[in-house]
Amino acid sequence: MPETVEVDITIPNQTRYLGLIGRIGEDLVHSLGRYTGDREVLAYHLNLVLTEAITNAICHANENDPNKRIQIKISATEETLSIKVFDEGEGFDLAKRQLGDMCETDECGRGIHIIRRLMDQVNYRRSDKRNVLEMVKKLY
Amino acid sequence: MPETVEVDITIPNQTRYLGLIGRIGEDLVHSLGRYTGDREVLAYHLNLVLTEAITNAICHANENDPNKRIQIKISATEETLSIKVFDEGEGFDLAKRQLGDMCETDECGRGIHIIRRLMDQVNYRRSDKRNVLEMVKKLY
Amino acid sequence: MQLKTEEIEDIVLIEIQEERMDAHNSGTFKEQMLALFDEGKCKLIIDLSAVRFVDSSGLGALVSGFKNASAREGSLKLCGLQPQVRSMFELTRLHRVFEIFVSVDEAQESF
Amino acid sequence: MQLKTEEIEDIVLIEIQEERMDAHNSGTFKEQMLALFDEGKCKLIIDLSAVRFVDSSGLGALVSGFKNASAREGSLKLCGLQPQVRSMFELTRLHRVFEIFVSVDEAQESF
Ligand SMILES: Nc1ncnc2c1ncn2[C@@H]1O[C@H](COP(=O)(O)OP(=O)(O)O)[C@@H](O)[C@H]1O
Ligand SMILES: Nc1ncnc2c1ncn2[C@@H]1O[C@H](COP(=O)(O)OP(=O)(O)O)[C@@H](O)[C@H]1O
């Protein structure tokens, strides 16, 4: 049986919880059994992609509606980190978000690019009545 | 709608994950909206009761069997912290664990007493094919 | 956002007193900078030495300040970046946009 | 468990170099103390200043060391307790069992 840690968190649709989820991501990285890379860097990256994905879910999908909720699932094995962030919005076309669209001094539009740069697989799809952004990072 | 944070974690049946869950408990306390007491003390106490309950589940209930798993649910509102720790063991009689049974220089037997001292409600019951230790702390 | 500001002649030194810059506090930070621009201040040094984590919203707030300062013929310079924060600027290529210094003193001398 | 030990005449000073003492590492700590008792050492000072968290297993390991030291006509004394660690001894009434000192020096002088 693979040694898996699974964390499933539901938070109110508020940016004040971003720090909590980021820290939980960092804690998780520090508890990984074997990892030969730089743990501090991996911890920052996990914190970052969680923060970016949840911010989008809160602000774009759930449009800051305080009655909506965000669910986050993280699954960690010695081989892979897998993250799912669920939103209750209209959805968007991930494929259309291309780096070419942006200019260096734009104030926004960096979130998805950052996620793509740091994760090995990223996709966004409908799941029941919600949407889910799925991100996978290989650890070996 | 009450502002609730829910965390549901599943870990392998190993004491090496105690620190992770304890830290997540501390992170959660630091993200609580209103809390007028000493947060550092509450964070330590939550870390401690999680550690005690999970240690019992790993060592007594799941008897260090590496194929078993431990599930922990934490639910935090501004009023209450509620914790559930599920084990896959034979169960035990919580009511029979009384402080009178122990002597100051015993090496073990302090876990349940600590949990009872720090939490407002503690009970242990069968739940489907598992057992669950439920602990509630009032925050106001 | 918790800031400590100090004026050195026409330069405003802003020390960010937060561990984390993210979508939760960078909106306020943008407004705090706008208030300075409204007072006619347009030479800013942002000391990031206390910042351990910055996300794209935090970077966006800094870009906003940078553009506002430049539009007023001033400038916004950064200093005190922790290594992981520094690498965020490289990841997003923003190290080519900002003037980044090691210390407050070096940033100040460059004006 | 990560320890730093130093011998001062017949006293062994053990500095615990872990932030956390719990069921994951206190079994090993008990064995490490047993190894010292086997070598005939029975005067121990445990410096807990690096320890931020201790649970009932950590306390149990200390009680085990205490009883073994006493049985050999020696003693086990504690020092450097952080406030939250100190309150664990009060919660479990173990502050009435152990001799607890502020510093290593005070513990050493008491022998
Ligand atoms: N979960 C989501 N639901 C709806 N739209 C989204 C979602 N995530 C991203 N988007 C869209 O993609 C765009 C780019 O997102 P991102 O790269 O994170 O930059 P930013 O959030 O700064 O605009 C957003 O402006 C938004 O239109
Ligand atoms: N989840 C559990 N499943 C089975 N037995 C348990 C469980 N939790 C506690 N016990 C029983 O209760 C006893 C007292 O537990 P505790 O007070 O934590 O002290 P200790 O674990 O040091 O013995 C244990 O020794 C064990 O027999």
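Bear in mind the structure is a predicted one, so any value in this text is a computation, not a measurement.
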Closest heavy-atom contact between L20(B) and S31(A)? CD2-OG, 3.5 Å
Residues P12(A) and T4(B): closest non-hydrogen pair is CD-O, 3.4 Å
I'd like to know whether [atom1] of [X] has more than 12 heavy-atom contacts from other residues, nucleotides or ligands below 6.0 angstrom.
| X | atom1 | result |
| --- | --- | --- |
| D38(A) | CG | yes |
| K137(B) | NZ | yes |
| R117(B) | CZ | no |
| R34(B) | CZ | no |

Please list all pairs passing the side chain to side chain donor-acceptor pair (under 3.5 Å) test where one or both residues lie in residues 87-99 of chain A, with sequence neighbours left out. D87(A)-Y124(A), D87(A)-N131(A)
Working to the nearest 0.5 Å, report the span between CD1 of I24(A) and CD1 of I9(B).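 That separation rounds to 7.0 Å.
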Just grab all the salt bridge (Lys or Arg N to Asp or Glu O under 4.0 Å) pairs involving residues 17-27 of chain A, residues at least two apart or on different chains. R23(A)-D27(B), E26(A)-R52(C), D27(A)-R23(B)
No-hydrogen, no-angle side-chain donor-acceptor test under 3.5 Å, Q71(B) and E6(A):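 No, because no side-chain N or O of Q71(B) sits under 3.5 Å from a partner of the opposite role on E6(A).
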Under a 4.0 Å threshold between the charged nitrogen and the carboxylate oxygen, would E3(B) count as salt-bridged to R69(A)? no
At a 4.5 Å cut-off on heavy atoms, which part of L32(A) comes close to chain B: side chain, backbone, both, or neither?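 Interface part for L32(A): backbone (N, CA, C, O).
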Flag the one option from L28(B), I72(B), T10(B) with the top tally of heavy-atom pairs under 4.5 Å to chain A. T10(B)
